[in-house]
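In what follows, chains are A, B, ... by sequence order, proteins preceding strands, each numbered from 1.
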2 protein chains.
Amino acid sequence: MPPPSSSPSESVVRAWARLERAHRAAQTTVEARLKEAGLPALAWYDALLELERAGPAGLRPFELQREMLFAQYNLSRLIDRLAAAGYVTRAASAEDGRGQVLTITREGKAIRKRMWPVYAAAIEDAVGRHLSSVEAATLADLLGRLYSRQAS
Amino acid sequence: MPPPSSSPSESVVRAWARLERAHRAAQTTVEARLKEAGLPALAWYDALLELERAGPAGLRPFELQREMLFAQYNLSRLIDRLAAAGYVTRAASAEDGRGQVLTITREGKAIRKRMWPVYAAAIEDAVGRHLSSVEAATLADLLGRLYSRQAS
DNA sequence: CCTATTTAGATGCAACTGCATATTTATGGA
DNA sequence: TCCATAAATATGCAGTTGCATCTAAATAGG
């Protein structure tokens, strides 16, 4: 969407505009499906998945924050809700007096598992349906470049 | 990010996960730059751009909604704010008694123009910097497929 | 050791979003 | 023509996000 100037190339501007739209469309689908099924929101899934992957050692909030690219205050409250729902446990960190360690509970694992079929179907519908497997891999690759940690 | 099942292929799931992350990263950058510069948020730009493109005939809210893939109630309030800021005008539609017609004001055009350099730099930084022009075009193409209006 | 700075996390408050639903006008049939 | 339904837009309320800032612990210098 290239109005006046041209420091980003036209294709870059178009890519960005479509990133917005495509994301909005896909997210809307996914969130709607989860809600229809009476399940928690997308962000819950993502957090629970990371915690499940982290295993019994758990994760520090700031680590989770980096994984999810979530704002700090935002994550802090997401954790509140997950903890209130009984899906994660907060324990004081042994090595760092300021921090805590998050671990997923049995209920957390269970709900994540229960979310997956619905989530998977939504992903297929919002993304998979439109792309071949090779195209999806290309897309994943290009998107990965946009946030890989290597800066300037 | 493929836990148990496998109805969407692994590459599809990865593409979706990265769509989330990449979008979040890019949007965070863009919004931050606009805010730093004391300018309105991203959504304002998008709406103003569509309205400017529509010319003096303006747009109906529902048309803008389709362009932006914005939720109806969400757009309704965005328009409130744009109107309150003096950037758009709402007039009753001549053909449709339920509806209204939105047009961008001179001030609206001015602020959009003022936003562009900052926005453009942010896009370059969040997207352009990471991709060649061909890659950006490929990305735009693939993303476009995810929300083109042809359904199932 | 002591202070200045940085890092981890929480929080009050305002803005925004989502949901459900209301209101008004159009429209397609009986 | 009348009615049932659909479309366009608005809105009260609750939940979420963003901002700014706070506290407490860690860490780097001196």
Side-chain angles (χ1 to χ4, degrees), chain A residues 20 23-25 27-47 51 58-85 88-103, chain B residues 20 23-25 27-47 51 58-85 88-103:
Chain A
E20 279 191 277
H23 177 261
R24 201 170 292 157
Q27 180 167 35
T28 300
T29 299
V30 170
E31 294 283 18
R33 297 297 182 78
L34 289 171
K35 187 149 313 184
E36 274 168 32
L39 292 167
L42 185 45
W44 290 41
Y45 186 93
D46 286 356
L51 288 173
L59 281 180
R60 300 283 301 272
F62 76 92
E63 296 174 305
L64 190 48
Q65 181 186 328
R66 273 176 206 160
E67 278 314 311
M68 300 179 69
L69 301 183
F70 234 61
Q72 183 271 318
Y73 49 81
N74 213 327
L75 181 61
S76 176
R77 279 151 169 161
L78 175 58
I79 294 168
D80 284 349
R81 290 173 229 138
L82 287 168
V88 314
T89 304
R90 286 199 237 226
S93 164
E95 312 94 50
D96 188 336
R98 297 165 299 182
Q100 41 187 248
V101 176
L102 308 173
T103 43
Chain B
E20 279 191 276
H23 176 261
R24 200 170 292 157
Q27 180 168 31
T28 299
T29 298
V30 170
E31 296 282 20
R33 298 294 184 79
L34 290 171
K35 187 148 312 182
E36 273 167 32
L39 292 167
L42 185 45
W44 291 40
Y45 186 93
D46 285 356
L51 287 173
L59 281 180
R60 298 284 301 272
F62 75 93
E63 297 174 304
L64 191 49
Q65 182 187 328
R66 273 175 206 161
E67 279 313 313
M68 300 179 69
L69 301 182
F70 234 63
Q72 182 271 320
Y73 49 80
N74 214 328
L75 182 61
S76 175
R77 280 153 168 159
L78 175 59
I79 295 169
D80 285 349
R81 289 172 229 140
L82 287 168
V88 314
T89 304
R90 287 198 237 225
S93 165
E95 312 96 50
D96 188 335
R98 296 165 299 182
Q100 40 186 253
V101 175
L102 308 174
T103 43

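Rounded to an integer number of Å, the gap from B:Leu42 CG to D:dT17 P is 17 Å. Look at CD on A:Gln100: it is 13 Å from C1' on D:dA25, rounded to the nearest Å. We find that CZ of A:Arg66 is positioned 13 Å from C1' of C:dG9, with the value rounded to whole Å. The distance between atom CZ of A:Arg24 and atom C1' of C:dG18, rounded to the nearest whole Å, is 15 Å. Between the P atom of D:dC19 and the CG atom of B:Leu34 lies a distance of 12 Å, rounded to the nearest Å. The distance between atom CD of A:Gln27 and atom P of C:dT17, rounded to the nearest whole Å, is 12 Å. Distance CZ (A:Arg60) to C1' (D:dA24): 13 Å, rounded to an integer number of Å.
The CG atom of B:Asp46 sits 9.5 Å away from atom CG of B:Leu78, with the distance rounded to the nearest 0.5 Å. Taking CD of A:Gln65 as the start and CD of A:Glu63 as the end, the distance is 10.5 Å to the nearest 0.5 Å. Distance check, rounded to the nearest 0.5 Å: CG of B:Leu82 to CG of B:Leu51 gives 8.0 Å. Here the straight-line distance linking atom CD of A:Gln72 with atom CZ of A:Arg77 works out to 9.5 Å at 0.5 Å rounding.
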Begin from the C-alpha positions of A:Thr28 and B:Leu69 and carry the test side chain to side chain contact (heavy atoms under 4.5 Å, CB included) through to its verdict. CA-CA 9 Å; A:Thr28 300; B:Leu69 301 182; over 6 Å; no

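Of the two residues near DNA chain D, B:Lys35 and B:Arg90, the one whose nearest nucleotide lies more 5' is B:Arg90. Mapping A:Phe70 and A:Glu95 onto DNA chain D by nearest heavy atom places A:Phe70 closer to the 5' end of the strand.
Non-hydrogen atoms lying under 4.0 Å from DNA chain D are contributed by B:Gln72, B:Tyr73, B:Ser76, B:Arg77, all within residues 72-82 of chain B.
Side chain of A:Arg24 to backbone of B:Met68: a donor-acceptor contact under 3.5 angstrom is found. Judged by distance alone, the side chain of B:Arg60 and the main-chain N or O of B:Gln100 form a donor-acceptor pair under 3.5 Å.
Judged by distance alone with a 3.5 Å cut-off, no donor-acceptor contact links the side chain of A:Arg98 to the base of D:dA24.
The side chain of A:Gln65 contributes no N or O atom lying less than 4.0 Å from OP1 or OP2 of C:dG9.
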